[in-house]
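Owing to the predicted nature of the structure, the values given are computational and were not obtained by experimental measurement.
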Amino acid sequence: MIETSFHGVYLPGLMLLNGGALACSWALRRLLSLTGVYRWVWHPALFDLAVYVLLLFALARFTGAFTT
């Protein structure tokens, strides 16, 4: 795992991926709400959590953050 220095403070790579996943999740949530997808979702909070976890996993896999 790679650490990044931000003004002398070391941040773990997962924290940076977390920020990216949150931004992508927010944008996707806005898009889904504008298109009316949430009318078909039983529990929107669980759906949002699942989307966030999937986005975080996808970012971690595509960036190669957890390769050994």
Check: residues 46-61 side-chain donor-acceptor pairs under 3.5 Å, at least two apart:
unit_1 : atom_1 : unit_2 : atom_2 : d
Asp48  : OD1    : Tyr38  : OH     : 2.4
Tyr52  : OH     : Asn18  : OD1    : 2.3

Under the side chain to side chain contact (heavy atoms under 4.5 Å, CB included) test, residues paired with Thr4 that sit two or more places apart |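 If we apply the side chain to side chain contact (heavy atoms under 4.5 Å, CB included) test to Thr4, skipping adjacent residues, the hits are Leu16.
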Any salt bridge (Lys or Arg N to Asp or Glu O under 4.0 Å) pairs touching residues 7-17, not counting sequence neighbours?
->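 Every pair satisfying salt bridge (Lys or Arg N to Asp or Glu O under 4.0 Å) with a residue in residues 7-17: there are none.
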Which heavy atom of Ser33 sits nearest a heavy atom of Arg30, and at what distance?
->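 Taking every non-hydrogen atom into account, OG-O, 2.9 Å.
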Inter-residue atom distance Leu31.CG - Thr35.OG1, 0.5 Å rounding |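 It comes to 5.5 Å.
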